[in-house]
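Take a look at the structure below.
We're numbering straight along the sequence, starting at 1. Values in this document were obtained by computation on a predicted structure and should not be read as measured data.
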Amino acid sequence: MKKTLLSMTAALAVIGTANAVPNVDVSKKLCMKHPDKYVWVEKNEDCIPINPCESKNATIKEVYCNRAFEFVQLGNWRDAVKLVKAYSENVLGVRVTNTKEIAHDKDTSLFGQDYIPVKTSDGGYVMFEFDDLSDMTKSDKEAGATMGACKAFGHDYQRPYADLIKSHVTLCMNVRSQKECDDIADLASDVLDKLVKGNYEPSPFEYFTVQSWQTSEGQEDNNCYLSIAD
């Protein structure tokens with residue numbers, strides 16, 4: 001009896017394996033037949049909507065939608081590409097190979113979130129969500145460049161509680177060294193096309209948490225102050 005069950009189990013496993021390959025091929029062909037709606041993710045052998053951030057499927061959103069820059073506003077999508085390339089290398093450990101799956105001129109608008117689609121060197125796909133990629137306000141773009149550069153190195157940021165809107169300072173938290181602080185400032189400078197300075201020091205003061213919209217007490221951590229050079 002045991003031998004019979006084992007034989008049946010083995011047979012089913014073989015049949016399952018044999019059927020898996022054609023199913024993947026069919027899925028890939030159907031996916032690539034509609035490049036205006038879907039994208040084939042080689043890494044996971046998965047066909048997903050071009051914009052997974054707007055998918056109703058919670059799993060697709062979790063796996064393929066990255067919201068690291070969801071509060072970042074910039075002047076154009078080219079600056080956003082600089083941030084996603086840096087984030088992909090520093091945080092995800094992969095290189096960006098393609099960012100042209102979506103027509104950028106159709107996906108940046110004055111209202112609502114904007115998106116940058118990215119294919120990566122490991123065969124993966126990520127949709128990065130931004131707040132606005134057509135912002136014309138100087139202060140918003142300056143804040144977006146510094147906040148985005150901080151996120152691109154895997155760190156959280158804070159904006160000073162006092163004079164939140166007008167302040168040119170962004171606090172990048174838990175930075176490891178002056179060199180990393182300088183690297184973050186250099187990326188912000190490249191994105192903004194304006195000199196950004198990085199000052200590496202502890203930061204014991206009350207700050208305003210952008211993500212949670214609450215105030216909390218600062219801690220004696222090694223932080224990087226990013227300031228716009230006027």
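Between Y87 and N66 there is a side-chain heavy-atom pair separated by less than 4.5 Å. With contacts defined as side-chain heavy-atom distances shorter than 4.5 Å, the pair D156/K151 qualifies. Side-chain contact between Y157 and L171 is absent, with no heavy atoms from C-beta onward closer than 4.5 Å. In this structure the side chain of N223 never reaches within 4.5 angstrom of the side chain of Q158, judged on heavy atoms. Two residues are said to be in side-chain contact when any heavy atoms from C-beta on lie closer than 4.5 Å; D114 and W77 fail this criterion. Using a 4.5 Å cut-off on side-chain heavy atoms (C-beta onward), W40 and E45 make contact. A heavy-atom distance below 4.5 Å is found between the side chains of R176 and H155. Contact annotation: the side chain of D46 approaches that of Y64 to within less than 4.5 Å [non-hydrogen atoms, C-beta and beyond].
When the side chains of ILVMFWY residues are joined at heavy-atom separations under 4.5 Å, either directly or via intervening members, I48 and Y38 end up in two distinct hydrophobic clusters. The same ILVMFWY cluster, assembled from side-chain heavy atoms under 4.5 Å apart, contains both V41 and I60.
Under a 3.5 Å cut-off, the side chain of Q113 and the backbone N or O of E70 do form a donor-acceptor pair. At least one donor-acceptor pair closer than 3.5 Å links the side chain of S189 to the backbone N or O of A185. Judged by distance alone, the side chain of Y125 and the main-chain N or O of I50 form a donor-acceptor pair under 3.5 Å. When atom types are taken as modelled, the side chain of Q178 and the backbone of G198 share a donor-acceptor pair closer than 3.5 angstrom.
Taking every heavy atom of both residues into account, D79 and N76 meet most closely at N-OD1, 3.0 Å. When all heavy atoms of K194 and I228 are compared, the closest pair comes out as CE-CG2, 3.8 Å. The shortest heavy-atom contact between K61 and C53 is CE-O, 3.2 Å. Closest heavy-atom contact between A80 and L133: CB-CD2, 3.7 Å. In terms of heavy atoms, A149 sits closest to L187 at CA-CD2, 3.9 Å. Scanning all heavy atoms of the two residues, the minimum distance from A145 to L74 falls at N-CD2, 3.8 Å.
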Go through the steps for V39 and K119 under the test side chain to side chain contact (heavy atoms under 4.5 Å, CB included), then give the verdict. CA-CA 10 Å; V39 61; K119 283 191 174 181; 3.8 Å; yes
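Applying the ring pair (Phe, Tyr, Trp, His ring centres under 6.0 Å) definition to pairs two or more places apart or across chains, those involving residues 130-154 are F69-F130.
To the nearest 0.5 Å, atom CE of residue M136 and atom NZ of residue K141 are 5.0 Å apart. A distance of 11.0 Å separates CD1 in I184 from OG1 in T170, rounded to the nearest 0.5 Å. The CD atom of E62 sits 10.0 Å away from atom CG of N57, with the distance rounded to the nearest 0.5 Å. Rounding to the nearest 0.5 angstrom, the gap separating the OG atom in S227 from the CG atom in L195 is 8.5 Å. Within the model, atoms OG of S88 and CG of L83 stand 10.5 Å from one another, a figure rounded to the nearest 0.5 Å. With values rounded to the nearest 0.5 angstrom, L192 atom CG is found 9.0 Å from K138 atom NZ.
Qualifying side chain to side chain donor-acceptor pair (under 3.5 Å) partners for D186, counting only residues two or more places apart in sequence or in other chains: none.
Contact check on R95 versus D122 returns no salt bridge, with no Lys/Arg side-chain nitrogen under 4.0 Å from an Asp/Glu carboxylate oxygen. Checked for salt-bridge contact, D183 and K179 meet the test: a charged N lies under 4.0 Å from a carboxylate O. Contact check on E42 versus K28 returns a salt bridge, with a Lys/Arg side-chain nitrogen under 4.0 Å from an Asp/Glu carboxylate oxygen.
Atom NZ of K85 is surrounded by 12 or fewer heavy atoms from other residues, nucleotides or ligands within 6.0 Å. In D193, the CG atom is not crowded: 12 or fewer heavy atoms of neighbouring residues, nucleotides or ligands sit closer than 6.0 Å.
The SG atoms of C224 and C181 sit under 2.5 Å apart.
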